[in-house]
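Computed from a predicted model, the values in this text were never measured in an experiment.
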Amino acid sequence: MAAAFNVTVGSFVWVEDPEVAWIDGEVQEVNGEEIKILCTSGKTVVSKASNVYAKDVEAPPCGVDDMTKLAYLHEPGVLQNLRSRYDINEIYTYTGSILIAVNPFRRLPHLYDKHMMEQYKGAAFGELSPHPFAVADAAYRVMIKEGISQSILVSGESGAGKTESTKMLMRYLAYMGGRAAAEGRTVEQKVLESNPVLEAFGNAKTVRNNNSSRFDPVFVRCLILREIIIVSTCFVLHHQEIEKYKLGNPRTFHYLNQSHCFELDGVDDSAEYLATRRALDIVGINSSEQDAIFRVVAAILHLGNIEFVKGKEMDSSEPKDDKSRFHLRTAAELFMCDAKALEDSLCKRVIVTRDETITRWLDPDSAALSRDALAKTVYSRLFDWLVDKINSSIGQDPNSKTLIGVLDIYGFESFKTNSFEQFCINLTNEKLQQHFNQHVFKLEQEEYTKEEINWSYIDFVDNQDILDLIEKKPGGIIALLDEACMFPRSTHETFAQKLYQTFKNHNRFSKPKLSQTDFTIGHYAGDVTYQTEFFLDKNKDYVVAEHQALLCDSKCSFVSSLVPPLSESSKSSKFSSIGTRFKQQLQSLLETLSSSEPHYVRCVKPNNLLKPAIFENHNVLQQLRCGGVMEAIRISCAGYPTRKTFCEFLNRFGILAPDVLDGSFDEVTASKKLLEKMDLKGYQVGKTKVFLRAGQMAELDARRSDVLGRSACIIQRKIRSYLSRRSFIKLRLSAIHIQAACRGQLTQRTYEQMRRQAACLRIQKELRMFLARKYYTTLCSSAVSIQTGIRGMLARTELRFRQQARAAITIQSRWRQYLARSSYMRIKKAAITTQCAWRGKVARKELRSLKMAAKETGALQAAKNKLEKQVEELTWRLQLEKRMRADVEEAKTQENAKLQSALQEIQSQFQETKLLLTKERESTKRAVEQVPVIQEIPVVDNAMLDKLTLENNNLKAFVSSLEKKIDETEHKYEETKKISEERLKQALEAESKIIQMKTAMQRLEEKVFDMESVNKIMRQQVLLDSPVKRLSEHFAIPAAKGSENGYHENEEFKVNEPQSAPPATKYGAESDANLRRSNFERQHVQESVDALINCVMQDIGFSQGKPVAAITIYKCLLHWKSFEDERTSVFDRLIQMIGSAIENQENHDQMAYWLSNTSTLLYLLQRSLKAAGAPKKPPPATSLFGRMTQGFRSFPSSANLNVGVLDIVRQVEAKYPALLFKQQLTAYVEKIYGIVRDNLKKDLASLLSLCIQAPRTSRGAVLRGSGRSFGSNSSASHWQSIIDCLNMFLSTLQQNFVPPVLIQKIFTQTFLYINVQLFNSLLLRRECCTFSNGEYVKAGLAELELWCAKAKEEYAGSSWDELKHIRQAVGFLVIHQKSRISYDEITNDLCPVLSIQQLYRICTLYWDDNYNTRSVSPDVISSMRVLMTEDSNNASSNSFLLDDSSNIPFSVDDISISLHDKDKDKEFSNIKLDLELLKNSAFHFLQE
């Protein structure tokens, strides 16, 4: 598979090892053909040069996703690549178009969720990480675009994960093409739920796998390749079902207790049973059919418990005991057939001859075989029925021209004992391997043709001789086996001898030395020895006529439909060869595959323990050989196994010819010149790649190592010279420093002696001075202490006397204050109590009078007038009181200011006095200190002492006077404060009384209004019943004028109308007038609506930043009173108009224009409309009392409204059509917002795919500098295109005056989309997780940050924060020395937002294409793996991909808050409307 290469000392190679298959090491010695290798495990190995393979030391530590990219495509390189990827949970790897899947033996739900399917939808094959979804998507795309049938072959040994891979493929194909709903369920659901059904009836536990598929379904076709067996299907049935089917413990049934395995760890039988039941319902199997299915399965279980013994007749048989007869009767009941007929079909055979019919008994062994044959037949027919039912439920078209077939096929098998089953399985693998080799060879040819290189036919090993050995007719093994089965006396010994004689000279056939009945076949995957003991029995498949007749006569229609009707020609049992039928089915499968384009998925089981994180090299290597992967690699090696793009080739081998890179050649010419200088033969240069023969890559690497070695020697020589010179300079400088230090030390010692002598003299002098000073200080301090004690005692006595006097004065003042306050409070309380009692009495009396007066309308009117006068009087009093209170407050404020200023002056004088006193004391103290102590004791200046005492007393008196003034001022302030509080309390009481009066007045008005309404209704009823109705047309009175707010009541007219007019006359005239007026107004409004729609359908622009169309519509609706109509078509017309205006969703200006109009109109409706259940607005009052009442009533609610907007926006009571119009308008705002946002995303999608990966340039382009500068310019242009797109959208939205909150939300969600797309692409593409790509994306993100800063927060909002995932990921990629970073630093400081799965993915995919730095340390990787395993056990979903949000992130209130600005509200009244519309006479009201 690999050619010899030049092995030198220091080369890194792979060598065979009996423990780990292949081990890497470094060549230590080369002795001719023998080389000595130091392995990485520490041991030394001696091997031949022809038995070692070159190792790529520059291979990524995490492997490559496509093994055709390996520098050395050989067995150890492939094995190491798979192991490296398996260690980081990358279980999928490409080999060209072949997908290799290594079973992780753990759940990885993040790899198979719906979001992952969306990522692979439409992606080019190989663009994203290897995955079964990529294979399924490629097959689906080719079938749709080219109309070619596709087939996906999933192979591998038992336990390799074939079934799970098949389920993933089916799930993706159902996701892509199974969206049509049938009977409430989608085809996707039915396809996915067919798996539990097929697994329940078609899978079983084997020695190698807990869930091994015993049948192989090909969707949308079904092909059964294995021998049909009775599957040990255990259902956890309910108690009623157990009694119904007479079942019991599974251990008591023969067909279930053979394996002695009744429970599986981690499998809940109850949950599996419920899942199967639910799946049966979804795929369309009704309850009666389900009951029949379980009835048949139960009957098969009872059949297995029937045992036979010899009967009374010779060679006859009968049921063994009562237990066997019980199971016989139960099986007959479940099959709904006669028990005697069932016993006869098991124990007898009917032989039909020309003359007569002979009935023959069967011995017990033959009867048991007949029982098993019946069970096998029924179960196989049951499974066929299930498959047909599922296919018909899915909606399979048998006449379809194209299809996608998914084949879950078993792998090559070689055990200690290999029987007829392994023979058939290996025959299938031989056939498929031949097809696989031809497909791989075809792909190689297509690759060479696409690159336009010269190639010749590649010779590869063909296994046609093995296929001829097995299936050639006549003379093949199967033909000889059928011939042996036709003879009654043939045995396996005679069959083996026949094989030995026929194939004794065949190079693929051999006879073991120690056996007389075994034979060995040399398959492509290795030699397999077969035992012929059961070949003849397993090849025989008799069609028992008695079994068919029994089942056809069943009273159960389901059972009778399982078997075809019995024809006249099949009244007796006939021999049928399983081998021949198997060969025919296999040939049919190959024909189907040949007519379709194949795709291959090779499943690998990493260990036989079925445990995660264990990779057994020998086991994996054997599976790769059996799966044909190594054969595909050998075919590639026979041609051009090494393929490098020009950029990669020059980057790796450019150092071999630097002069080629220094020239002005392009990459193709440079690559050709480099290869010519290396004098290589047989290579090819294609359009995009360099193709090298086997061994040429190793030769180039050896020359590259020599160049690097020579360069290293030069570097080492220069470094050693530099180090030696630096050492000499350091030694010379050190000697100079030592000499200087010695001389300095001697000088320091001399100076130290001189300094010590001077210090001794200084110490003696200071000591004598200290003793003298200490004596004097002690004497002085004693005198001062005595004087201080005497003075302190006198001062404390004086202070104590003053404190007592002040305390007495304070107590007296407080007591007098308390007595005065208590007396005043008692008097005040009594007065208030008396006033309250008297006012309550007056109020009750007045209330009684009001109640009496309320019974009549005239009395109510008088009370109303009286109350109006009282309210006016009280209002006048209240205003007067407020004015007085304001005057008092102003006077109080002035007085307080004066008092405060006086107090400040007094305090300043007090401070100055205190300061003078302090200074005087300090001067006295200084004077005392200056006088000698000896002279101070006998001399006392009495005059000075008296003077100071007098001044001290004066100061104390002045201070006391100041304190009294301060107390008086505080007292006056408290009194003034009390007076103001009392006046405020009185004003509040007056105001509360006014409010009570207003409330009472409002209640009276409501009563009057209700009474008038009742009277009007009663008059109408009387009018309808009276005969005066027909005279109504002779009398008519004009209708009442409508008030401004839509209420049509005129109380003054009611009072002044003539009393002689009868009620019938008034009502009839009013109804006719209203009818005529309503018809006219309806027609008029209809014409106005048409004119309005024709106007606003045109782009009538904006005025002062407001959309004219929205303001015009609002004013018209308000004027027409459409909001208050119970039924109107105006709103429907407007909604239809908006819908037709936004049909062209690609027009960004049109979408922005209508987003601005609809959002502004919605804002106006939000401000205006109130529900009909809100309190009714009373009619406008003309009197002073009415106006004041309405003013007080509306004051709290209208306090927040601006004056400028009141003339445009006013609240109206909305009916149902108006509220529905508001809801529809809200939906249109959200729809237009989503269209604008999605349009922006759509424009950015194509640019983001170019911005995630930096354009690659070769090393030659870097050396040439400006010669290839277009790459950087083109890369920068991608990001600049994104900035231009954002600027264009922002300009469009600003020009159409879209509310800032909507612009902010659009760009916030767009930046979230950018974050999701860039981050997901980073995680799915290994070529994006590089250092240079991180720098490239980081530069682009800096441009986006600059754009956010320029757009300002008003429009950008938190857009920059939405890029947190890609920012932190890119920041991690561009960090140097990642191996020194700990796990806590990554999660807490560098990437706190990223999850464990995301960090693990980035760390394992990272590779440095510039500086060849490593990723994080293995300890960090292992910590992440442990945490990720724990999270996968706890969390329901562990997807490492981000989801894009398409929700509506704003509400109507957000729009209202954004538009509710004082300056903007004032602009509503100054908007210039459309001139054409204003010319229409029906719209003159817009000019008001």
Side-chain angles (χ1 to χ4, degrees), residues 66 92 94-99 101 112 114 116-155 162 164-182 186-192 194-195 198 216-223 387 390-409 432 435-436 438-443 445-447 449-450 588-603:
D66 190 349
Y92 297 113
Y94 289 134
T95 302
S97 62
I98 305 167
L99 178 67
Y112 310 107
K114 188 174 182 180
M116 186 67 76
M117 288 192 286
E118 293 176 356
Q119 294 294 322
Y120 281 89
K121 181 179 179 180
F125 187 80
E127 179 180 355
L128 303 180
S129 299
H131 203 282
F133 293 163
V135 178
D137 185 78
Y140 181 79
R141 298 293 170 188
V142 173
M143 182 189 72
I144 295 299
K145 294 179 180 179
E146 301 180 9
I148 301 175
S149 297
Q150 305 291 307
S151 59
I152 304 176
L153 283 77
V154 184
S155 64
K162 301 186 301 297
E164 292 298 322
S165 298
T166 304
K167 286 160 59 176
M168 293 302 107
L169 293 168
M170 291 165 52
R171 181 182 176 191
Y172 185 85
L173 293 175
Y175 167 76
M176 293 296 295
R179 299 307 179 92
T186 63
V187 177
E188 179 182 1
Q189 288 177 317
K190 293 182 179 180
V191 171
L192 296 181
S194 65
N195 278 315
L198 295 177
D216 287 319
V218 182
F219 280 88
V220 191
R221 301 285 188 263
C222 179
L223 181 66
V387 173
I390 291 173
N391 286 339
S392 62
S393 174
I394 292 174
Q396 171 195 357
D397 183 9
N399 299 321
S400 60
K401 297 181 180 179
T402 59
L403 57 88
I404 298 179
V406 182
L407 177 61
D408 173 8
I409 196 69
L432 294 177
H435 184 270
F436 176 71
Q438 294 173 354
H439 174 68
V440 172
F441 178 65
K442 179 182 176 182
L443 293 179
Q445 290 178 337
E446 291 177 354
E447 177 74 11
T449 304
K450 185 176 70 174
S588 175
L589 171 64
L590 265 296
E591 292 175 357
T592 302
L593 294 179
S594 299
S595 63
S596 62
E597 183 175 333
H599 304 265
Y600 292 93
V601 178
R602 297 303 196 210
C603 298

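For the residue pair Q150 and A139, the shortest heavy atom distance occurs at CG-O, 3.1 Å. Residues Y94 and G126 approach most closely at CE1-CA, 4.1 Å, considering heavy atoms. The two residues I148 and T402 come nearest to each other via the heavy atoms N-CG2, 4.1 Å. Considering every non-hydrogen atom in both A134 and F125, the closest pair reads O-CD1, 3.8 Å. The shortest heavy-atom contact between L99 and P130 is CD1-CB, 3.9 Å. Across every non-hydrogen atom of V154 and C603, the tightest pair is CG1-SG, 3.7 Å.
Remark: M143 CE to E597 CD distance equals 12.0 Å, nearest 0.5 Å. Of the inter-residue distances, the one linking L403 atom CG with S595 atom OG reads 7.5 Å to the nearest 0.5 angstrom. Taken to the nearest 0.5 Å, the CG atom of D66 stands 10.0 Å off from the CD1 atom of I98. In this structure, CG in L153 is found 10.0 Å from OG1 in T166, a value given to the nearest 0.5 Å. Once rounded to the nearest 0.5 Å, the distance linking CG of L590 with CG of L432 reads 6.0 Å.
Tested against S151, the residues T592, L593, L589, I404 include a single side chain to side chain contact (heavy atoms under 4.5 Å, CB included) partner, L593.
Between Y600 and H435, the ring planes are tilted. Angles from 30° to 60° get that label.
The side-chain hydrogen bond (donor to acceptor under 3.5 Å, both in side chains) search around S129 returns R1401, not counting sequence neighbours. S97 meets the side-chain hydrogen bond (donor to acceptor under 3.5 Å, both in side chains) test with no other residue; sequence neighbours excluded. In terms of the side-chain hydrogen bond (donor to acceptor under 3.5 Å, both in side chains) criterion, Y120 has no residue partners (sequence neighbours excluded).
A distance-only check finds a donor-acceptor pair linking the side chain of D137 to the backbone of G122 [under 3.5 Å].
Proximity of F133 to L128: side-chain heavy atoms (C-beta onward) are nowhere separated by under 4.5 Å. A 4.5 Å side-chain heavy-atom check between M168 and H131 finds every atom pair outside the cut-off. Looking at heavy atoms from C-beta onward, F436 lies in side-chain contact with R602 at the 4.5 angstrom threshold.
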Let's go through E118 and K121 carefully: what are the C-alpha distance in whole Å and the side-chain angles of both, what is the deciding distance for salt bridge (charged side-chain N to carboxylate O under 4.0 Å, His left out) to 0.1 Å, and is it a yes or a no? CA-CA 5 Å; E118 293 176 356; K121 181 179 179 180; over 6 Å; no
